[in-house]
Amino acid sequence: MAKVASLDDLQELIKTAEQKISLSSNLKELNDYKLEYITGKKSLLNRLTQGLKNLTESEKKSYGQEINAAKETLNSAIKGAEERIHRNYDEEGEWFDVSLPVPKAPIGHMAPDTQVIRQMNAFFTYHGYSVAEGPEIETDEYNFEKTNLPKDHPARDLQDTIYIESPEVLLRTHTSSVETRILSSHKPPLRFVVPGVSFRNEIINQSNHAIFYQYQGVLVDKDVSLANLKATLNEFAKFLYGDKVKTRFRTKYYPEVEPGAGMDILCRFCSGTGCRICKDRGWIEILGSGIIHRNLLAKSGIDWKVWSGFAFGMGLDRIIMTKFGITDIRDLHSGNLVFTQ
Ligand SMILES: [Zn+2]
């Protein structure tokens with residue numbers, strides 16, 4: 001095309017080129033159009049520019065302006081097409097369909113403590129227990145007095161309590177406060193478990209925290225004996241650690257119960273011969289339990305001559321950490337998504 005016939009023809013040519021560029025579906029096609037219309041030696045723009053020399057001065061002026069405008073139009077069409085095509089490519093340059101549904105974004109999972117608590121709740125609700133909860137800010141009455149820990153009781157010294165308003169309002173030091181609340185407000189027979197956090201004034205480091213998880217269980221009925229307690233806890237140990245678990249009960253002192261018993265499981269790491277994990281004892285204590293003290297029942301308004309019951313409680317932190325391979329207790333409160341089962 002040494003000479004362009006008319007401005008109308010020129011505009012028509014540019015319009016067609018612009019349309020083709022806009023409809024190009026991949027980068028190769030777009031590149032070909034770029035060569036054909038703009039940058040190639042024999043491109044449309046080049047040929048039009050060369051054709052200028054055969055024109056009169058006045059024709060040159062109007063054609064020149066038209067060609068400049070065409071150049072702009074085509075370049076912006078290329079740019080638009082490039083952006084559109086790039087949107088259809090992933091980071092590796094592979095084409096993909098932008099209209100496909102987007103895969104669901106990861107939104108996290110239940111915290112390890114919630115998972116363990118729900119598993120335990122499943123076991124106990126199957127055996128007829130309800131799941132109870134209570135306030136974390138508690139009064140001295142429910143946290144200490146009613147759990148058989150009067151103000152002058154030496155066992156109070158074992159717990160370094162965090163007070164909100166000393167001496168009456170505090171952060172509960174154990175979930176037994178929920179036990180005394182429920183025993184004070186409900187009539188037996190009763191069966192319930194209480195999962196939840198408790199608080200003590202501890203220096204926070206890798207293995208100690210001021211916030212710790214507890215799991216408490218209570219049963220009040222007629223003629224409840226130690227045999228019922230042992231049977232329940234042995235079943236629970238099997239649920240937690242498998243059918244081959246070996247347990248033993250040792251006499252222990254807890255103010256809320258009489259008699260009190262600690263339940264140990266045979267160390268799974270050394271099978272009883274002694275190792276670092278069990279501190280050479282061969283056994284690992286996992287919970288404390290006992291027959292509910294008659295004083296506790298009496299203080300909650302339950303006639304201990306008619307009703308009896310057992311209670312057990314355990315710290316959950318070590319169980320959760322072992323299960324999930326968590327080595328730093330602070331991670332239990334960090335929301336770190338790394339810890340999955
Ligand atoms: Zn061991």
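Note that ligands are numbered from 1 as they come in the structure, with each ligand's atoms numbered from 1 the same way. Position 1 is the first residue of the sequence; numbering continues from there.
Listed by first then second residue, pairs satisfying ring-ring contact (aromatic ring centres under 6.0 Å, His included) with a partner in residues 38-58 number zero, not counting sequence neighbours. Note on residues 222-247: pairs passing ring-ring contact (aromatic ring centres under 6.0 Å, His included), not counting sequence neighbours, are F123-F236, F123-F239, F124-F236.
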Step-by-step side chain to side chain contact (heavy atoms under 4.5 Å, CB included) determination, Y129 to L219:
CA-CA 8 Å; Y129 289 70; L219 181 145; 3.6 Å; yes
Evaluate side-chain hydrogen bond (donor to acceptor under 3.5 Å, both in side chains) for T56 paired with E59, printing each intermediate quantity in order.
CA-CA 5 Å; T56 64; E59 277 176 332; 3.3 Å; yes
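Every salt bridge (Lys or Arg N to Asp or Glu O under 4.0 Å) that D328 has, sequence neighbours left out, goes to R330.
Protein N/O/S atoms closer than 2.8 Å to the Zn ion (ligand 1), listed by chain and residue number, are C267 SG, C270 SG, C275 SG, C278 SG.
Residues Q216 and T175 have side chains that bring a donor and an acceptor to within less than 3.5 angstrom of each other.
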